Amino acid sequence: MNQNYDFKNIEKKWQNEWLKNKVFEVDEDPSKPKFYCLEMFPYPSGKIHMGHVRNYVIGDVIARYKKMKGFQVLHPMGWDAFGLPAENAAIKHGVHPAKWTYENIEHMKHQLIKLGLSYDWRREVTTCSPEYYKWNQWIFLKLYERGLAYRKSSFVNWCPSCATVLANEQVIDGACWRCESQVEQKELEQWFLKITAYAEELLKDCDRLTGWPEKVLTMQRNWIGKSEGVEVDFPIEGMNEVLRIYTTRPDTIFGVTFMCLSPEHPLAEKLCDDKDALKRIRRLQREPEIKEGVFTGKYAINPLNNERVPIWIANFVLMEYGTGAIMSVPAHDQRDFEFAMKYEIPIKVVIKPKDKELSEPLKEAFEEEGIMINSGEFSGLPSNEGKKRIADYIEKKGLGKKTINYRLRDWGISRQRYWGTPIPIVYCDHCGIVPVPEKDLPIILPENVNITGKGESPLKYVDDFYKTKCPRCGFDAVRETDTMDTFVDSSWYFVRYCSLHNEEAFHKEKIKYWMPVDQYIGGIEHAVLHLLYARFFTKVLRDLGIVPFDEPFERLLTQGMVCMESYRCPEHEWLFPKEVKDGKCIYCGKAITVGRVEKMSKSKKNIVDPDEMIEQYGTDTVRVFTLFAAPPEKDLEWSSQGVEGAHRFLKRVYALIYKHHDWLKDVTISDVSFSYSETHTAEESSVLQILSLIHRTIKRVTFDIEKEYQFNTAIARLMEFVNEVYGYEPKTIEERKIFKFAIRNFLILLSPFAPHIAEELWREIGEHGFILNQPWPQYDEELAREKTIELVVQVNGKVRSKIIIPQGMSDEEVVKIALEDEKVKQWVNGKKIVKVIPVKGRLVNIVVTE
RNA sequence: GCGAGAGUGGCGGAAAGGCAGACGCGCUGGACUUAGAAUCCAGUGGGGAAACCCGUGAGGGUUCAAAUCCCUCCUCUCGCACCA
């Protein structure tokens, strides 16, 4: 055995052995329970970063642990391979997106193997391959058949920098999620997927996702944004038209003093004579700070009280929500209030607080519930009651109807880009929009294109692709040249992993065995985007009879970011840590400023390259550090000293086995049943101690993993174990047997976290087979319990003494011992004992008074 | 503004309502070294000579007992935000 911990050779050796012996390959086994462990697959950008490392290491620990626990574990990996960076690379470096992507995949796959991740690579999915995206097209056709994919012209979010359309979910604070450019509005013909048809179910099923973080569910619920209200028709005075509005506050309808239309409303042109003003308001749309309006000169009639109310056009009214028109109640809505103040429109109070009067004129809107006033026959009702009554009244009188609105919009999937799935649609002058027949799939993305990035799909200029025959009438026709949003690819990839490459994409029995994903792991940044789309697709696939379940991901773990301090030199901007020495810039010697802990990013140069870390310390060290430094959901602050600490721990583990390696191999541990008796010799007592220690360690490590994947504390337990046995010198055969038993189990416990060193030492102590195939050790409750406890004695809640007593004494005995303790007596003597509270196995609290 | 989450040593972080600070980093001292690195051992919340006292963002409450439960407030992070 090598005296030093030669992690480089150890890790390479076992990675090769694992692949050679196919230990990560897994097939269906109905006799065993299954566990599907999945990490969000990466975009093949070129290199993995620490965020990936953290994500995959967490998943790998879970997968290895579950396998040892006896589950048939599906743990696959793949590539979210379509997307813009490949095209940008093509424009910048003249390399074809396919070449660029496949080379990146090759490199990154190698990096993942170097991390010792337990993937079944036979199941690798690459979304840019025709055998994968064929099924994107197939699903699209099925959606089209069912009316769930449709084409319409609309204003869309347009990123001028990426030169493509963005879905609502991809616009963050008015900027592109990818490049952060300001998003513009542009009118385009687009393909949409009708996710709104599933809005109610997507919302309702949030309640069933008990294994998801509440935070993510809240974000999804808010995103879907259900609101219940009423649509009401207001006749327009002097015209044969009605103005339909949507409100969630029918209880305030008697307080309407004006109406507002979106400048995009179909009636806006007709009602508003001042066309210049209308244009101005139109330009001011989507400017949240500005509230402007123009009076049309027309009036509507409030159908409940026949009052005449002026109709305005206002920039803040959205055409795409509700009916694009609102009733305005300035007394009870702050935005309406401010608008009314600005344009000197009357304010009419119709709800007052339960126990006081509102002092008029109002200083702000009263938006809470209260008692209705000035509301005809409804006056005097509590407003929440009035809400229902007025809604019923409106329906009964045929003035409108109860309506549910969602904030969720249909998902625009057309992208004016090359590197994506072609949309399988043909446009024919005679037949119109014609879907490509299933038998003609896949529509292959042509290779020879001229990528310009100019906001137009380059496919338009590929005649072989663009010009085609109509599948219906056979005459000349053209193909759709937009490609699909890449989020389509990731909306069902987890289903594809269930079968191998050469098998059916939707293999019913295999899907039934493996799905749903038991544990999904990824970044919180996908809380609405990918996770909502994947839920939507799952429900669609269910309705197509492909999958027999409603939700794709049983449990979701959103891991925190990997963060680091950043350094900035007044002369040289951001610096890498290695460009800083003694708090000074190595180029100019100027003192640097230390930025707060932020997410690792290239631009701030506060990044750590996983390859460098693995080179320097080894994969096991990187794994242990990332798991130990913080619990999985929390942000992890990278610390080079922390990495040293993790490395030191593994060196200690290695040294511990090295110290005893000359005899460990020769000891057999067939009978480790050590009978516990009340009295024992010194030898027996040390044996018992080690035995108890390992059982305790098994118990606590298992508990920490099971309980919300607390890997940081699990590793702390392993460190404690090593610290405790580090100086132990087993001499007798009995001591050695127990010691080996303990080491053996310790290595199994260590193996999910640091699999390479565990595998190596497993063989060094004379064990056979792969440690991954070992069953997770069981612990004995009796042995795991410590034989003595430190009894804490409190007097009036303050700790006054600690007494070592044997385990398992009765409350009476414990109390007696506590009261006899000298230190305790000092605090109790001369006082009256009011109460004595014993807490089993822990403490005694003695309550006294003067 | 609305919603969610979080505030614990010098730092990362532990604590079934029951000893606050496990484990690690850092620091201090010692051993081994010509010396350093590495390693090993010991110590390490604050105050105090000690007995003890004080300590989990602030203030109140419940309880024999609160970092943990309840109320009020402060701060920070994240998400949503013209949604009628």
Side-chain angles (χ1 to χ4, degrees), chain A residues 4 172-173 213-223 225-227 229-230 245-249 252 259-260 262 285-291 314-318 320-329 333-336 338-339 367 405-408 524-525 527-528 560-561 597 624-625 628-631 633-646 648-649 651-652 655 700 704 707 710 712-723 726-727 790-802 826 834-848:
Chain A
N4 296 312
I172 317 289
D173 287 332
E214 199 50 46
K215 182 184 180 152
V216 174
L217 293 175
T218 305
M219 283 165 76
Q220 294 223 345
R221 289 188 185 107
N222 289 345
W223 189 263
K226 180 178 182 173
S227 90
V230 193
I245 60 96
Y246 173 73
T247 180
T248 54
R249 292 292 306 271
T252 64
M259 317 287 289
C260 284
S262 163
Q285 285 187 101
R286 288 161 239 281
E287 295 276 355
E289 317 80 54
I290 306 164
K291 305 254 183 298
N315 71 323
F316 57 81
V317 182
L318 305 169
E320 59 272 17
Y321 187 77
T323 60
I326 59 169
M327 64 177 213
S328 292
V329 186
D333 180 283
Q334 189 57 27
R335 190 194 46 209
D336 293 350
E338 281 160 26
F339 193 84
E367 296 184 319
N405 263 302
Y406 299 92
R407 210 186 69 111
L408 185 69
I524 185 82
E525 65 272 18
V528 275
M561 296 181 303
V597 176
V624 168
F625 171 73
F628 178 66
E633 326 77 52
K634 278 203 173 186
D635 286 352
L636 178 147
E637 191 186 335
W638 193 267
S639 141
S640 46
Q641 284 165 336
V643 179
E644 298 266 2
R648 205 170 297 157
F649 165 63
K651 279 202 303 206
R652 266 165 83 83
R700 293 164 87 185
D704 285 346
K707 182 189 153 198
Q710 280 197 32
N712 55 331
T713 51
I715 291 171
R717 306 296 168 228
L718 296 173
M719 287 171 169
E720 280 176 80
F721 172 87
V722 173
N723 291 345
Y726 207 63
E790 193 185 46
L791 179 74
V792 173
V793 187
Q794 296 181 334
V795 178
N796 286 350
K798 285 197 193 291
V799 179
R800 294 307 181 188
S801 185
K802 294 177 182 183
Q826 285 174 29
V834 182
K835 209 177 188 182
V836 179
I837 299 133
V839 181
K840 218 169 202 48
R842 284 175 181 271
L843 58 64
V844 170
N845 190 11
I846 302 161
V847 187
V848 297

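In what follows, chains are A, B, ... by sequence order, proteins preceding strands, each numbered from 1. No experiment lies behind these values; they were computed from the predicted model shown.
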S.K.: Without swapping roles, check the side chain of A:Thr248 against the backbone of A:Gly229 for a donor-acceptor pair under 3.5 Å.
M.R.: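 Side chain of A:Thr248 to backbone of A:Gly229: no pair is present.
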
S.K.: Does a donor on one side chain sit under 3.5 Å from an acceptor on the other, for A:Asn222 and A:Arg407?
M.R.: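 Distance-only check fails for A:Asn222 and A:Arg407.
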
S.K.: For the P atoms, the ones on B:A20 and on B:C54, what distance do you get once it is rounded to whole angstrom?
M.R.: 12 Å

S.K.: Using the P atom as the reference point in each nucleotide, state the distance between B:C76 and B:G26 in Å, no decimals.
M.R.: 32 Å

S.K.: On RNA chain B, check which nucleotide each of A:Gly797 and A:Val528 is closest to and give me the residue with the more 5' one.
M.R.: A:Gly797

S.K.: Rounded to whole angstrom, note down the C1' distance from B:C64 over to B:A58.
M.R.: 26 Å

S.K.: Could you measure between the two C1' atoms, the one in B:A38 and the one in B:A49, and give it in whole Å?
M.R.: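 Nearest-Å result for B:A38 against B:A49 at atom C1': 39 Å.
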
S.K.: What's A:Asp635 touching, base or sugar-phosphate or nothing? Going by heavy atoms closer than 4.0 Å.
M.R.: sugar-phosphate

S.K.: So what does A:Gly225 touch, heavy atoms closer than 4.0 Å: a base, only the sugar-phosphate, or nothing?
M.R.: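 Here A:Gly225 touches no strand at all.
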
S.K.: Tell me what A:Asn723 touches on the nucleic acid: a base, only sugar-phosphate, or nothing, going by heavy atoms under 4.0 Å.
M.R.: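 Sugar-phosphate, no base atom in range.
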
S.K.: Under 4.0 Å between any heavy atoms, over every strand shown, what does A:Val834 touch: base, sugar-phosphate, or nothing? Just pick one.
M.R.: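 Nothing, no heavy atom under 4.0 Å.
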
S.K.: Quick one: does A:Asn405's side chain have a donor or acceptor within less than 3.5 Å of a partner on A:Ser227's backbone?
M.R.: no

S.K.: Under 4.0 Å, heavy atoms only, any strand: does A:Glu320 hit a base, just the sugar-phosphate, or nothing?
M.R.: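 No contact.
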
S.K.: Give me the distance, rounded to whole Å, that separates B:G55 from B:G60 when you measure between the P atoms they each carry.
M.R.: 11 Å

S.K.: In whole Å, measure the gap between the P atoms of B:U39 and B:G48 for me.
M.R.: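 That atom pair is separated by 35 Å.
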
S.K.: Counting any heavy atom closer than 4.0 Å, what does A:Val839 reach on the DNA or RNA strands: base, sugar-phosphate only, or nothing?
M.R.: base

S.K.: Expressed in whole Å, how much space separates the P atoms belonging to B:G10 and B:G45?
M.R.: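 11 Å, rounded to whole Å.
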
S.K.: By nearest nucleotide on RNA chain B, pick out whichever of A:Tyr726 and A:Ala716 is the more 5' one.
M.R.: A:Ala716

S.K.: Quick test of your reading of the model: are A:Glu214 and A:Arg221 salt-bridged, counting only N-O distances below 4.0 Å?
M.R.: yes

S.K.: Just the endpoints, please: which first and last nucleotides of RNA chain B, 5' to 3', lie under 4.0 Å from a heavy atom of chain A?
M.R.: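 It runs B:G3 to B:A84.
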
S.K.: Where does B:G60 land, syn or anti, once you apply the within-90°-of-0 test for syn?
M.R.: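 This nucleotide is in anti.
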
S.K.: I'd like to know if A:Glu338 and A:Arg335 make a salt bridge, using a cut-off of under 4.0 Å between side-chain N and carboxylate O.
M.R.: no

S.K.: Indicate, with a heavy-atom threshold strictly under 4.0 Å, whether A:Phe649 touches base, sugar-phosphate, or nothing.
M.R.: nothing

S.K.: With the side chain counted from C-beta on, respond yes when A:Lys835 and A:Asn845 share a heavy-atom pair under 4.5 Å apart, and no when they do not.
M.R.: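 Sidechains of A:Asn845 and A:Lys835: no contact.
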
S.K.: With a non-hydrogen cut-off below 4.0 angstrom, is A:Ser639 in contact with a base, only sugar-phosphate, or nothing?
M.R.: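 No contact.
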
S.K.: Write out the stems for RNA chain B, ordered by first number and formatted as range with range, counting runs of at least 3 consecutive Watson-Crick or G-U wobble pairs under 3.5 Å.
M.R.: B:1-7 with B:74-80, B:10-12 with B:23-25, B:26-31 with B:39-44, B:45-47 with B:52-54, B:57-61 with B:69-73

S.K.: A:Arg800 near the nucleic acid: base, sugar-phosphate alone, or nothing, with a heavy-atom cut-off under 4.0 Å?
M.R.: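 Touches sugar-phosphate only.
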
S.K.: Assign A:Arg652 to base, sugar-phosphate, or nothing according to its heavy-atom contacts below 4.0 angstrom with the strands shown.
M.R.: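 The answer is sugar-phosphate, as A:Arg652 gets under 4.0 Å only of primed atoms, P, OP1 or OP2.
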
S.K.: Take atom C1' in B:U63 and the same atom in B:G18, then report the distance between them in whole Å.
M.R.: 12 Å

S.K.: Does A:Lys291 reach a base, just sugar-phosphate, or nothing at all? Heavy atoms under 4.0 Å.
M.R.: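 Base contact - A:Lys291 has a heavy atom under 4.0 Å of at least one base atom.
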
S.K.: So A:Pro213, base contact, sugar-phosphate only, or nothing? Heavy-atom distance under 4.0 Å.
M.R.: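 Touches nothing.
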
S.K.: To check you understand the geometry: which heavy-atom pair defines the closest contact between A:Ser639 and A:Phe625, and what is its length?
M.R.: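 Residues A:Ser639 and A:Phe625, closest heavy atoms: N-CZ, 3.6 Å.
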
S.K.: Is a side-chain N or O of A:Gln794 found less than 3.5 angstrom from the main chain of A:Leu843, in a donor-acceptor match?
M.R.: no

S.K.: So A:Gln710, base contact, sugar-phosphate only, or nothing? Heavy-atom distance under 4.0 Å.
M.R.: sugar-phosphate

S.K.: Aromatic ring centroids of A:Phe316 and A:Phe339 under 6.0 Å?
M.R.: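 A:Phe316 vs A:Phe339: aromatic centres under 6.0 Å.
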
S.K.: With no hydrogens and no angle check, is any side-chain donor or acceptor of A:Asp635 less than 3.5 Å from a backbone partner on A:Gly560?
M.R.: no

S.K.: Can you tell me how far CG of A:Asp704 sits from CG of A:Asn712, rounded to the nearest 0.5 angstrom?
M.R.: 8.0 Å

S.K.: If you look at every strand shown and take non-hydrogen atoms under 4.0 Å, does A:Glu214 touch a base, only sugar-phosphate, or nothing?
M.R.: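 It contacts nothing in the nucleic acid.
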
